[in-house]
Amino acid sequence: MPEGPTILLMKEDLQKFAGKKVIDVFGDANFEKEPLKGEILREIKTFGKQTYLVFDEFAVRIHLLMFGSYIVDEHLQSEKNLRLGLQFKTGGMYFYTCNVKLVDLEFLSKIDWEADVMSDDWNTKTAEEKLESNPKMMVCDALMDQDIFSGVGNIIKNEALFRIGVQPESLVGNLPPKKVKELIAEARNYSFDFLKWKSQSVLKKHWQVYSKNACPICGQKLIQKNTGLGKRSSFYCEKDQKLY
DNA sequence: GCGAATGTTTCCCG
DNA sequence: CCGGGAAACATTCG
């Protein structure tokens, strides 16, 4: 379900519980949940597709993976796949079918926050340097690399590459400098379009190539194949996306 | 009913 | 020790 922008929307939904005290904890997450009781949720941070519920002595890291989901406030219908539920006086947050881990606060300080495409701290220059040091990498793998473009997922990858007219299997080192800049700019740019469209529930309507059949420019049938070391599905037009 | 899918980690093999 | 590959997790949609 989630790429970076979706996680940001989740954070907005959770935000009202910041500063509130946990009064009860549920779920089958694989750690001792008792210490969470009575703790104040100090802050909610996101890094790419990860969410951190920050407490005084530790943080809870949540990753929704492919099928994760969450609900806010509603009382639980079923405990099925409930990994973590936090009950506050005013309601609760419940996370299903996801990966939940306890991390120490030091873990947070080691995160390269500048690598998050959705963040105000996003650093174009650093991204450029990371790409430069991986010339043999295919652009499809580079975009999916969470150390370079944290938050980018398969939809953003496909749409961003279409926008800049680059074939997914192109090698990073073969791109002209101008295209490298476009790649970096569009990874972030499309992510914010994604955020806007997702929040208005019109994301799919705006897909140009992802899960589509025909090229919106020339009408030719799109290629769909698994590309790169990641073997993730790519949709592209042979005519309008150049292989570098 | 099957297969694929907005993802990542872990284990096994050569 | 490495890289690649498959498996594992688990749900929803076409």
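Below, read A as the first sequence line, B as the second, and so on, with proteins coming before strands; counting in each chain starts at 1. Keep in mind that what you see is a predicted model, and the values were worked out from it rather than measured. Computed over heavy atoms, backbone and side chain alike; hydrogens, waters and symmetry mates excluded.
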Q: Could you encode protein contacts along nucleotides 5-14 of chain B as a string, one character per nucleotide from 5' to 3', using B for base contact, S for sugar-phosphate-only contact and - for no contact, with a heavy-atom cut-off of under 4.0 Å?
A: BBBS------

**Q.** B/dG3 and C/dA7, which share atom name P, separated by this distance in whole Å
**A.**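 Per the computed distance, 14 Å lies between those P atoms.
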
Q: Determine the Euclidean distance between corresponding P atoms of B/dA4 and C/dA6; express it in Å to zero decimal places.
A: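 Result for the P pair: 14 Å, nearest Å.
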
**Q.** Check: A/Tyr190 main-chain N/O paired with A/Glu159 side-chain donor or acceptor under 3.5 Å
**A.**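 No; zero donor-acceptor contacts below 3.5 Å.
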
Could you work out, with side-chain contact (heavy atoms from CB on, under 4.5 Å) as the rule, every residue matching [X], not counting sequence neighbours?
X	answer
A/Ala160	A/Glu186
A/Ser109	A/Glu106
A/Lys239	A/Cys218, A/Gln220, A/Cys237

Can you give each donor-acceptor pair under 3.5 Å made by side-chain atoms of residues 8-16 of chain A, sequence neighbours left out, with the distance rounded to 0.1 Å?
unit_1  : atom_1 : unit_2  : atom_2 : d
A/Lys11 : NZ     : A/Ile44 : O      : 3.4
A/Asp13 : OD2    : A/Tyr70 : OH     : 2.6
A/Lys16 : NZ     : A/Asp73 : OD2    : 2.6

Q) Can you list the stems that include DNA chain B, where a stem is three or more consecutive Watson-Crick or G-U pairs with distances under 3.5 Å? A)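 Expected stems, ordered by start: B:2-5 with C:11-14, B:7-14 with C:2-9.
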
Q) Thinking salt bridges, do A/Glu169 and A/Lys225 make one under a 4.0 Å N-O criterion? A)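 Looking at A/Lys225 together with A/Glu169, the answer is yes, because their closest N to O distance falls below 4.0 Å.
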
Q) DNA chain C: A/Leu229 or A/Thr97, which has the more 5' nearest nucleotide? A)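 So the residue in question is A/Leu229.
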
(Q) Please enumerate all residues that pass side-chain hydrogen bond (donor to acceptor under 3.5 Å, both in side chains) together with A/Lys179, with sequence neighbours excluded. (A)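 Applying side-chain hydrogen bond (donor to acceptor under 3.5 Å, both in side chains) to A/Lys179 gives A/Glu182.
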
Q: Among residues two or more places apart or on two chains, list those pairs meeting side chain to side chain donor-acceptor pair (under 3.5 Å) that have a residue in residues 130-144 of chain A.
A: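 Every side chain to side chain donor-acceptor pair (under 3.5 Å) pair that includes a residue of residues 130-144 of chain A, provided the two are not neighbours, is A/Asp112-A/Lys130.
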
Q. Mind checking what makes ring pair (Phe, Tyr, Trp, His ring centres under 6.0 Å) contact with A/Phe235, not counting sequence neighbours?
A.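 Expected list: A/Tyr210.
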
Q: Identify, with sequence neighbours excluded, every residue that meets ring pair (Phe, Tyr, Trp, His ring centres under 6.0 Å) alongside A/Phe55.
A: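 Partners of A/Phe55 under the ring pair (Phe, Tyr, Trp, His ring centres under 6.0 Å) test: A/Phe58.
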
Q: Return the residues of residues 129-139 of chain A meeting this criterion: a heavy atom under 4.0 Å from some atom of DNA chain B. Order them by number, or give none.
A: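 Correct list: empty, so none.
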
Q) Nearest-Å distance, NZ (A/Lys231) to P (B/dA4)? A)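 Computing the A/Lys231:NZ to B/dA4:P distance gives 16 Å.
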
Q.
On the nucleotide C/dA10, are OP1 or OP2 found under 4.0 Å from the side-chain N or O atoms that A/Arg83 carries?
A.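 For A/Arg83, the contact criterion (side-chain N or O under 4.0 Å from OP1 or OP2 of C/dA10) is met.
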
Return all side-chain donor-acceptor pairs below 3.5 angstrom for residues 33-41 of chain A, not counting sequence neighbours, or 'none' if the list is empty.
unit_1  : atom_1 : unit_2  : atom_2 : d
A/Lys33 : NZ     : A/Gly27 : O      : 3.4
A/Lys33 : NZ     : A/Ala29 : O      : 2.7
A/Lys33 : NZ     : A/Phe31 : O      : 3.1

